[in-house]
Amino acid sequence: MTIDEEIFARMGELSPAEKKVARVLLASWPSAGLESAAAVAKAAGTSTPTVLRLVTRLGIGGYPDFQRRLREEVTHRMSSPVNRTVEGAREHAERPVFQAAITERLGLVEQLAASVPPSEFDRAVEALAGKAKQVVVMGGYFSRFSAELLATQLDQVIPAVDFVAQPVGHDIGKLLRLCPGSVAVVFDFRRYELTAKQAAAIAKGRGAKVVVITDPGLSPATESADVVLPVPVDGLPFDSVVGTIALVEALVEAVLLATGERGIDRMKQWEDTVQIARAHRSTEEST
C-alpha cells in the first residue's frame, strides 16, 4: 500500500487536526509531502507536532523516513506510465473494445471500496440524514449531471434539497441561505473548476457542513471540506462517471436507511402528491 492509500485507509482514525494535514498532503500529492513539516503544518493551519504525529500513525519512523519513502514511490510512478500505456494498448488490441470498456468500468466500481474511506462515507450520510436545515448540491461542466441526479433522488427522501446550477451566478441566493445545520455537496473532478472552490468556501463561511465528491487527485474545493469522498474516474476518452453514479446510489440508499420511517413517509408524500404523466398501454389498448 502506498503512503497516500495508507492515509485514505486510516482517515477514520485521525483527529480533526490530523485530517487537515492529511487533506493538505493529498490535495497536492506528492509534491506537498516533499515540503518541510513546518510548511505542511502552516498550509493545514495546524502545528508541526501534528504533522509528525500523522507520520508516526502511518507507521513511519520520522519525517525524513517519510520523505525518503515518498521519493521512492514517486520514482516508481514516474517509470510506470509508459509500461501501463503499452500494456493497455496491447489489451485493447487483443480484446473487443466493448468488452475492454465494460471490464475497466467494473474495475472502477470495485475500487470505490478502497478509494472512499468508510468513515468519511458514514459522516456524509450522517450529515444528510440528520434533519439538515437545507441541502444544496452542485457540480461542474460534466459533474453537474451526477450532482443533479443526487439532488433529484435525495429530494424524495429528505426535505429542503436544492440543485444549484450556477452557484456563484443567479443561484447564489441558495448558498447565501446556508447556515449552521445546513449541508453543501460539491462535485468537482480533475480539470478542476474555480467555481467549485469558491462555492465550497462560501458554504463553509456560512457555517454549513461541506461534502466534496472528487477524484483521488482531490479538488482544491477540499480545502473547505468537512468530508471528502474520492472516486476513481479513469476512462477513455473522458473520465468515467460509473464510479460516481455508484457512489451517488450508495449515498441515497444509506440516507434512506438512516432516516427510517421519516424517509419512507417522505417518499409516500412525494408519490401521492407529484403527478408525472407516463406513457403506458391501457388494458383496452393491449387487447
Side-chain angles (χ1 to χ4, degrees), residues 1-15 17-41 43-44 46 48 50-88 91 103-123 188-192 212-223 225 227-236 239-240 242-244 246-247:
M1 186 180 291
T2 60
I3 297 176
D4 52 338
E5 290 171 343
E6 185 104 15
I7 292 173
F8 275 129
R10 292 177 173 268
M11 192 69 78
E13 306 171 12
L14 306 182
S15 68
E18 289 169 346
K19 282 185 178 181
K20 289 183 179 180
V21 175
R23 288 170 183 159
V24 164
L25 288 171
L26 294 173
S28 300
W29 190 265
S31 59
L34 299 175
E35 298 284 347
S36 67
V40 173
T46 59
T48 300
T50 302
V51 177
L52 300 180
R53 281 197 299 273
L54 173 61
V55 170
T56 301
R57 193 184 289 273
L58 297 175
I60 302 173
Y63 204 75
D65 293 328
F66 166 82
Q67 292 192 317
R68 177 185 53 76
R69 180 173 156 185
L70 176 58
R71 289 189 185 94
E72 290 174 354
E73 290 184 1
V74 169
T75 300
H76 174 72
R77 290 182 183 183
M78 288 177 65
S79 64
S80 61
V82 171
N83 295 333
R84 289 199 304 269
T85 301
V86 171
E87 190 61 33
E91 290 179 4
T103 299
E104 289 165 3
R105 282 153 182 79
L106 286 173
L108 293 178
V109 175
E110 292 173 351
Q111 290 172 40
L112 275 175
S115 69
V116 176
S119 61
E120 294 283 275
F121 180 86
D122 291 343
R123 292 178 65 217
D188 191 36
F189 297 92
R190 54 193 181 190
R191 302 187 74 180
Y192 310 114
V212 176
I213 299 175
T214 183
D215 61 273
L218 299 186
S219 158
T222 59
E223 295 172 11
V227 179
V228 179
L229 304 176
V231 181
V233 295
D234 290 335
L236 292 174
D239 282 344
S240 174
V242 169
T244 306
L247 177 65

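Residue numbers run from 1 in the order of the sequence given. Bear in mind that the values here come from a model prediction, so they are computed numbers and not experimental data.
For the residue pair Thr56 / Arg53, no side-chain donor-acceptor distance below 3.5 Å is found, with atom types taken as modelled.
Remark: Arg69 CZ to Ile3 CD1 distance equals 4.5 Å, nearest 0.5 Å. Rounding to the nearest 0.5 Å gives a distance of 12.5 Å between CG of Asp215 and CG of Leu229. The distance from the CD1 atom of Ile213 to the OG1 atom of Thr222 is 13.0 Å, given to the nearest 0.5 Å. For the atom pair CG (Leu34) and CH2 (Trp29), the distance works out to 8.5 Å, reported to the nearest 0.5 Å. Put simply, OG on Ser240 and CZ on Arg105 are 5.0 Å apart, with the number rounded to the nearest 0.5 Å. Here the CD1-CG distance, from Ile7 to Leu58, works out to 5.5 Å after rounding to the nearest 0.5 Å.
Here the closest heavy-atom approach between residue Val231 and residue Ser115 is recorded as CA-OG, 4.2 Å. Counting all heavy atoms, side chain and backbone alike, Ala37 lies closest to Thr48 at CB-CG2, 3.9 Å. Across every non-hydrogen atom of Gly33 and Gln67, the tightest pair is O-NE2, 3.1 Å. Contact between Val212 and Ala221 at its shortest, heavy atoms only, is CG2-O, 3.8 Å. Closest approach of Phe8 to Pro230, counting heavy atoms only: CE2-CG, 3.2 Å.
Side-chain contact between Leu25 and Leu54 is present, with heavy atoms from C-beta onward closer than 4.5 Å. Looking at heavy atoms from C-beta onward, Leu112 lies in side-chain contact with Pro232 at the 4.5 angstrom threshold. With contacts defined as side-chain heavy-atom distances shorter than 4.5 Å, the pair Val227/Phe121 does not qualify. Proximity of Phe189 to Ser219: side-chain heavy atoms (C-beta onward) are nowhere separated by under 4.5 Å.
Among residues two or more places apart in sequence or in another chain, the salt bridge (Lys or Arg N to Asp or Glu O under 4.0 Å) test is passed with Glu110 by none. In this structure, the salt bridge (Lys or Arg N to Asp or Glu O under 4.0 Å) partners of Asp234, at least two apart in sequence or on a different chain, are Arg190. Among residues two or more places apart in sequence or in another chain, the ring-ring contact (aromatic ring centres under 6.0 Å, His included) test is passed with Tyr63 by Phe66.
When each of Thr214, Asp239, Leu108, Val242 is checked for a side-chain contact (heavy atoms from CB on, under 4.5 Å) with Val233, only Asp239 meets the rule.
A salt bridge links Arg23 with Glu120: the closest approach of a Lys/Arg side-chain nitrogen to an acidic carboxylate oxygen falls below 4.0 angstrom.
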